[in-house]
Amino acid sequence: MSDSLELFPASARISPAGRLQIGGCDATRLAEEFGTPLYVLDYATIREQAARAQDAFRSRWQSVLVLYATKAYFAPFLARLYRQWGLGLDVTSEAEIVIARHAGFDPNLIYVHGNNKTREEIRAALDTGISHFVIDNFEDVSNLEALASAMTPPRAVNCLVRLSPNIDAHTHRYMTTGVADSKFGLGVGNGMAERAALEILQAPHLRLVGLHFHIGSQVFDTDALREALDAVLDVAADWRAKFNFDFRELNIGGGWGVAYHETQTTLDVEAFAENTTSALRAGLGARSLNEDLKLIVEPGRGLIARAGVALYRVGSVKMIPGVRSYVAIDGGIGDNVRPALYSARYNAFLANRMNEPATQEYAIAGRYCEQGDVLIEHAALPETRVGDLLVMPVAGAYQLPMASNYNLIPRPAVVLVQDGNARLVRRRETVEDMLACDLDV
Ligand code: LLP
């Protein structure tokens with residue numbers, strides 16, 4: 001129903017005939033032209049979210065870098081847009097670096113993350129001219145020193161230590177990354193972070209420039225984020241006293257919570273920026289730390305999630321007497337693993353009948369051979385028929401990047417919509433694409 005359009009992209013409208021429109025394009029036409037499942041991304045929302053994050057922080061802190069966390073969703077067109085708009089990137093793999101390089105990204109705006117960076121990835125990053133790395137373990141230190149010193153001429157690498165401050169972000173267990181028992185980061189309390197800092201200081205080609213924390217994703221608990229900030233400033237003060245640490249950069253991660261469902265409220269970026277920068281100012285002052293600090297944020301979901309919707313065709317409606325009714329769609333766990341993996345809750349609507357009242361309850365079943373392939377357990381919809389076009393909003397983040405070819409089903413196409421135009425930015429995968437790596441020996 002129209003009262004939940006707030007979960008949809010900024011340009012979403014309902015036509016007089018009750019059809020969903022995004023970026024001035026009719027969703028039913030898009031589905032006919034490009035097929036389903038189809039991911040539709042709204043240019044206006046992508047632009048707006050990036051600008052809001054930049055403005056919110058830049059208006060409150062003198063030196064700010066907004067990195068986009070590419071793991072949320074990445075593609076060449078998006079890299080080009082973010083480059084034009086002056087964002088940086090948080091990357092984790094060679095392919096992400098390749099996309100950034102082809103888009104002409106300034107390597108100084110790229111930060112390399114990962115809890116097991118391979119030597120090949122580190123080399124690819126150095127070859128691209130990237131000079132900022134987030135240190136997650138001791139092997140990062142030795143590998144980076146070895147590879148940076150082997151470059152001709154040898155390179156200087158800027159290191160931020162990822163701290164594990166032992167603070168619970170109160171999100172799903174699989175998205176909680178700042179507690180003591182986490183594969184990410186180096187513990188503050190157990191001395192691991194300090195040991196890594198000392199190793200960096202002793203490495204001739206490494207420079208210790210800053211600190212990083214990211215306590216989780218889909219975080220709504222801003223108290224936890226503030227506690228983490230305080231814990232990290234304590235570390236900065238402690239290291240300054242112990243070994244004259246020169247604190248130049250603070251990367252406070254991403255993880256900003258986004259509403260997928262009417263029971264949730266998206267974290268407001270202006271309020272978050274206000275609280276964070278005032279807490280930072282006070283925290284630096286209280287510890288007599290230098291305010292001349294580059295503040296880095298690295299949201300993924302907050303910039304891209306609401307820009308996307310997923311369109312699916314209904315292929316079967318199965319009413320099990322006395323049990324419940326299943327609406328089966330032509331996508332599912334293969335393009336959206338989030339309900340199965342995190343019990344993520346979504347809403348669904350009929351894009352061809354947006355104004356009709358939701359009178360029925362259905363389970364939205366995917367087409368994959370998995371009983372757990374149910375995207376929504378309880379979806380309120382008008383009476384649904386075969387051929388209806390089901391739309392699920394907030395589909396822009398962590399759906400396609402986590403997609404699989406389970407059952408050897410090709411992954412969806414993606415279109416970017418703007419002012420009545422739809423541009424295919426990823427063609428639908430074909431059977432040949434999927435089989436291209438198999439060797440029939
Ligand atoms: N920085 C670091 C170091 C991260 O690990 C992440 C996400 C981000 C930034 C961006 O977080 P965001 O603002 O997008 O929440 N697959 C899960 C989310 C995993 C997040 C991984 N790291 C999901 O579907 O919800």
Side-chain angles (χ1 to χ4, degrees), residues 46 49-50 52-53 56-57 65-74 78 82 87-93 96 110-117 132-137 140 160-165 169-179 182-186 210-222 224-225 228 232 250-261 264 266-267 269 272-273 276 296-308 310 333 335-346 375 392 394-404:
I46 299 174
Q49 293 301 97
R52 282 188 66 201
F57 282 93
L65 180 57
V66 177
L67 305 178
Y68 170 67
T70 55
K71 65 208 83 183
Y73 170 77
F74 205 35
L78 194 60
Y82 285 147
L87 280 86
L89 300 176
D90 144 4
V91 299
T92 318
S93 72
E96 290 175 348
I110 303 177
Y111 284 63
V112 180
H113 279 266
N115 74 309
N116 187 8
K117 305 172 189 71
H132 282 90
F133 289 77
V134 176
I135 303 296
D136 189 89
N137 53 55
D140 275 350
L160 282 77
V161 175
R162 177 167 180 168
L163 300 175
S164 179
H170 300 117
T171 178
H172 190 278
R173 187 165 78 82
Y174 295 165
M175 299 182 218
T176 301
T177 53
V179 293
S182 166
K183 70 170 189 166
F184 295 107
L186 290 154
L211 299 174
H212 165 62
F213 67 90
H214 173 82
I215 59 171
S217 195
Q218 196 54 344
V219 179
F220 296 95
D221 180 355
T222 47
L225 292 167
V232 168
L250 171 64
N251 177 336
I252 63 169
W256 312 345
V258 168
Y260 283 77
H261 195 263
Q264 296 169 317
T266 295
L267 184 139
V269 68
F272 177 63
T276 306
I296 303 169
V297 292
E298 48 181 24
R301 189 190 323 261
L303 297 195
I304 201 73
R306 198 169 67 96
I333 201 170
D335 64 275
N336 184 3
V337 73
R338 302 192 67 261
L341 194 54
Y342 316 113
S343 308
R345 289 179 71 187
Y346 283 82
L375 292 188
M392 286 176 53
V394 206
Y398 300 112
Q399 293 187 197
L400 292 178
M402 298 176 81
S404 77

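Owing to the predicted nature of the structure, the values given are computational and were not obtained by experimental measurement. Start at 1 and go down the list; that is how both ligands and their atoms are numbered.
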Under 3.5 Å between some N or O of ligand 1 and some N or O of [X]?
| X | value |
| --- | --- |
| R162 | no |
| G300 | yes |
| S217 | yes |
| H113 | no |

Kindly indicate whether the side chain of [X], heavy atoms from C-beta on, has any atom under 4.5 Å from the side chain of [Y].
| X | Y | value |
| --- | --- | --- |
| R301 | Y260 | yes |
| R173 | Y342 | no |
| L67 | I296 | yes |

### Task
Find the distance between CG (D90) and CZ (F74) and round it off to the nearest 0.5 Å.
10.0 Å
### is_close_aromatic(H113, H212), centroid dist under 6.0 Å
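Centroid distance H113-H212: below 6.0 Å, so yes.
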### Task
Consider ligand 1: state whether an atom of it lies below 4.0 angstrom from any non-hydrogen atom of Q399.
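It does not, in that no heavy atom of Q399 comes within the 4.0 Å cut-off of ligand 1.
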### Task
State if H172 counts as touching ligand 1 under the rule of any non-hydrogen atom under 4.0 Å.
no
### Message
I need the contact type for Y174 against ligand 1. Using non-hydrogen atoms and a strict under-4.0 Å cut-off, is it side chain, backbone, both or neither?
### Response
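Answer for Y174: neither.
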### Message
Side chain, backbone, both or neither: which applies to R338 and ligand 1 if a contact is any heavy-atom pair less than 4.0 Å apart?
### Response
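The answer is the side chain.
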### Query
For atom 13 (O) of ligand 1, what's the nearest protein heavy atom and its distance?
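Residue, atom and distance for the closest contact: G255 N, 2.8 Å.
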### Among I110, L160, V112, the one residue meeting side chain to side chain contact (heavy atoms under 4.5 Å, CB included) with F133
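With F133 as partner, I110, L160, V112 yield a single side chain to side chain contact (heavy atoms under 4.5 Å, CB included), made by V112.
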### Query
Are K183 and D136 within salt-bridge range, i.e. N to O under 4.0 Å?
no
